[in-house]
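Since the structure comes first, as structure tokens, the remarks are kept for the end.
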Amino acid sequence: MTGETPDDAAVLEALFGNSPQELFVLDTELRVLRYNRAGRGVSGLSEEDVLGKGWRSSPRGWSRRPLQRLAKEALDTARPVRKRLVRGPSPSDPNLTLTLEMSFFPLAGARPGTPAVVTVVEDVTAGQADADRFAVLSAVHASVGSTLDTPATAGELVQTLVPDFADAAAVDLLDHTGASPVNSPLRRVAFAPRKAERGREEGASRPFPFPTPYTQALNDLRARLVPVASDTEWLATSPEGFAPLVDAGVHSMIVAPLATGEGPLGLLTLYRTRREPFEDADLDVARQIAATAAAHLDNARRYRREHEAAAALHRRLQPHALPDLSAVDADYVYLPEGAGGGWFDVIPLSGTRVALVVGDVAGHGVEAAATMGQLRIALRTLTLQDLETDELLTRMDEVAAHVAETPTATCTGRWPPAPSASTTPCPGGAPWSARDIRRPS
């Protein structure tokens, strides 16, 4: 190293002459004292149109007030304002949005008319678009699938995608999977934003017109990017049904099938009315979103089907009516928390005696309901043999050992008076344990 001090003027000349970033030196009134030609806002302008004039660091067509406010913040606080993102229309293509990263560096000792702020502007449109897409994917993974409820899962999906990724989003699910998807009705399960006008109300179920991008996506299970214009041919398949889409100004949409290995579940449709249409990169993101959403929706549907089957089995295995009893008056109210193994029984015995039984098999679903039914039938059969309580429970212990692999069943009951009083515990303990088996004294 020579130890020589760099020539500040030479450094500045190299910087302003070769930097791909836009550079501006402003005075205390935010007038331009120096700039380089990389700036979009000065493209095609002469020096006379720029120097000494109000700051033109933003592309034509942008509002300069937010940018001037940032520069003023740096001046007033004497602190740098770094990497602030601002967005606006591209001067070369009004259908595209530019994203600029702007930094403002105040200069010490500035006086009126002297350099006061250095502004650095960088076009980060492409990189920010990728970051926005990644953020959407992350939000979907974090927010969707918090419950096993189908409408709630679909609602989480559309709320996550609007407005960051799409201006509107819809989830339509097949009423019955396995049938020909092209002619099958689809039910509108979720739509965002709720205030937007739309052709299908939530809960409405009907097929999509054929041929349209919707039916094509259901048929070949391929996501597609679809440009939309008022004269687009497939809109004619249902002019009235698609009128809200045209009236809303939708010009770009993505139709992505929601499918598993067993076939289609429905469709995720994304709509844009903003300046920039969907791109191929957005289509790739939509495919990943649809795959994630389909897995959650499939889990929710499977849970609902199992829950409904378990609830039906549970109802079928419960007593449908109480027997006529001469010794006692019996009534009941049954409020199950879910479809599982809770059960009760009223069993007439000889000599006007009655056995009252309440049992529970831990867990929910078809397996718990089926185990409950087996244990209830076994207990009824043994009770009708007029066994002593301890012998009856011993037999139930043996039955439960063959029915339930884990100690998950409990029973509470009242048996008629017998010569001995007090509590009789369940012999053997698991897998069938007796709780509060009392004989009235």
Side-chain angles (χ1 to χ4, degrees), residues 1-135 274-276 279 281:
M1 296 182 61
T2 63
E4 295 181 3
T5 303
D7 185 346
D8 291 346
V11 172
L12 287 175
E13 286 299 329
L15 184 62
F16 274 81
N18 301 299
S19 174
Q21 298 172 315
E22 307 174 29
L23 302 174
F24 294 85
V25 178
L26 312 177
D27 65 12
T28 54
E29 300 299 321
L30 303 185
R31 291 174 298 204
V32 178
L33 300 181
R34 187 169 185 177
Y35 70 101
N36 67 349
R37 287 290 178 180
R40 291 178 182 269
V42 297
S43 177
L45 298 177
S46 66
E47 289 189 359
E48 290 76 14
D49 294 326
V50 179
L51 293 177
K53 302 294 193 304
W55 183 34
R56 296 177 178 270
S57 63
S58 61
R60 287 188 294 274
W62 285 36
S63 171
R64 295 190 177 90
R65 289 183 180 178
L67 311 183
Q68 292 171 338
R69 190 160 52 244
L70 292 174
K72 192 72 165 54
E73 178 183 339
L75 272 176
D76 293 343
T77 63
R79 292 183 176 181
V81 176
R82 293 186 173 93
K83 296 185 177 182
R84 300 292 181 88
L85 295 180
V86 293
R87 302 174 190 263
S90 168
S92 59
D93 186 350
N95 292 322
L96 300 179
T97 296
L98 289 178
T99 302
L100 303 181
E101 182 182 88
M102 311 190 75
S103 298
F104 304 83
F105 303 95
L107 300 176
R111 301 184 305 278
T114 65
V117 180
V118 175
T119 304
V120 181
V121 184
E122 184 174 2
D123 187 344
V124 294
T125 302
Q128 189 59 38
D130 291 337
D132 291 343
R133 295 184 185 104
F134 180 78
R274 65 188 70 175
R275 284 188 298 269
E276 61 273 17
E279 302 176 359

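Worth knowing before you read on, the calculation uses all heavy atoms, side chains too, and leaves out hydrogens, waters and symmetry mates.
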| task | Provide the closest heavy-atom pair for Pro106 versus Ala78 in the form atom of the first, atom of the second, distance. | result | CG-C, 3.6 Å
| message | I'd like to check Phe105 versus Val120 (side-chain heavy atoms, cut-off strictly below 4.5 Å). Are they in contact? | response | yes
| task | State, without any angle test, whether Arg82 and Ser103 hold a side-chain donor-acceptor pair at a distance under 3.5 Å. | result | no
| note | Taken in chain and number order and not counting sequence neighbours, the residues that satisfy salt bridge (Lys or Arg N to Asp or Glu O under 4.0 Å) with Arg84 are Glu73
| query | Got a second to check how far Glu122's CD is from Leu85's CG, nearest 0.5 Å? | reply | 10.5 Å
| Note, Leu75 side chain near Leu30 side chain (heavy atom, < 4.5 Å) | yes
| message | Once rounded to the nearest 0.5 Å, what's the spacing between atom CG of Leu33 and atom CG of Leu26? | response | 7.0 Å
| said: To the nearest 0.5 Å, what is the distance between CD on Glu22 and OG1 on Thr119? | reply: 10.5 Å
| note | Contacts of Asp130 meeting side-chain contact (heavy atoms from CB on, under 4.5 Å) (sequence neighbours excluded), chain-then-number -> Arg133
| request: For residues Leu107 and Val117, determine if any side-chain heavy atom of one lies less than 4.5 Å from a side-chain heavy atom of the other. | output: no
| Atom pair NZ/CZ of Lys72 and Phe104 - distance to nearest 0.5 Å | 13.5 Å
